[in-house]
Amino acid sequence: MSTSTLPDGHVVTRLTIGCDRFGCLRESTGLYTVPRSMLRPDCYAIHRAVITQHRGWQHNDLGDDLCPDHREDTPANAPTEVTL
């Protein structure tokens, strides 16, 4: 996370989130203007909301961020039926 201070007490913050699938190098980076008092986890929550709602990423219950190619609900990653 990098920041630049603006005169009104806000900062411009660059945030990058990478796909948590082992071996995937895909990242999503965004610039946001946030209040200087905003904590880092809250800044990342904003970026995470943007990429999940508008860029096809997924944030699962385990806290993993998954790019559109590794979303758990894509056909390639969907559970398969096993017959015993």
Check your understanding: Is Leu66 reachable from Val50 through a run of I, L, V, M, F, W or Y residues, each pair having side-chain heavy atoms under 4.5 Å apart?
Key -> no
Practice item. Walk me through it: do Ser28 and His47 pass the test side-chain contact (heavy atoms from CB on, under 4.5 Å)? Key: CA-CA 9 Å; Ser28 176; His47 184 50; 3.6 Å; yes
Review point. Does atom CG of Leu62 have more than 12 heavy-atom neighbours from other groups under 6.0 Å away?
Key: yes
Exercise for review: In sequence, state the C-alpha distance, the side-chain angles, and the governing distance for Ile46 and Met38, and then conclude on side-chain contact (heavy atoms from CB on, under 4.5 Å).
Suggested key: CA-CA 11 Å; Ile46 290 171; Met38 184 174 275; 3.7 Å; yes
**Study point:** Backbone N/O of Trp57 and side chain of Arg71: donor-acceptor pair under 3.5 Å
**Key:** yes
Review point. Can you name the nearest heavy-atom pair linking Cys19 to Cys67, along with the distance?
Key: SG-N, 3.4 Å
Review point. Between CG of Leu15 and CD of Glu27, what distance do you get to the nearest 0.5 Å?
Key: 12.0 Å
Review point. Which heavy atom of Tyr44 sits nearest a heavy atom of Thr16, and at what distance?
Key: CE2-O, 3.6 Å
Practice item. Of all the heavy-atom pairs spanning Asp20 and Gly63, show the shortest one and how long it is. Key: OD2-O, 4.0 Å
Check your understanding: In chain order, what residues pass the ring pair (Phe, Tyr, Trp, His ring centres under 6.0 Å) check against His10, with sequence neighbours excluded?
Key -> none
Review point. According to the salt bridge (charged side-chain N to carboxylate O under 4.0 Å, His left out) rule, which pairs have a member within residues 45-68, sequence neighbours left out?
Key: Arg48-Asp65
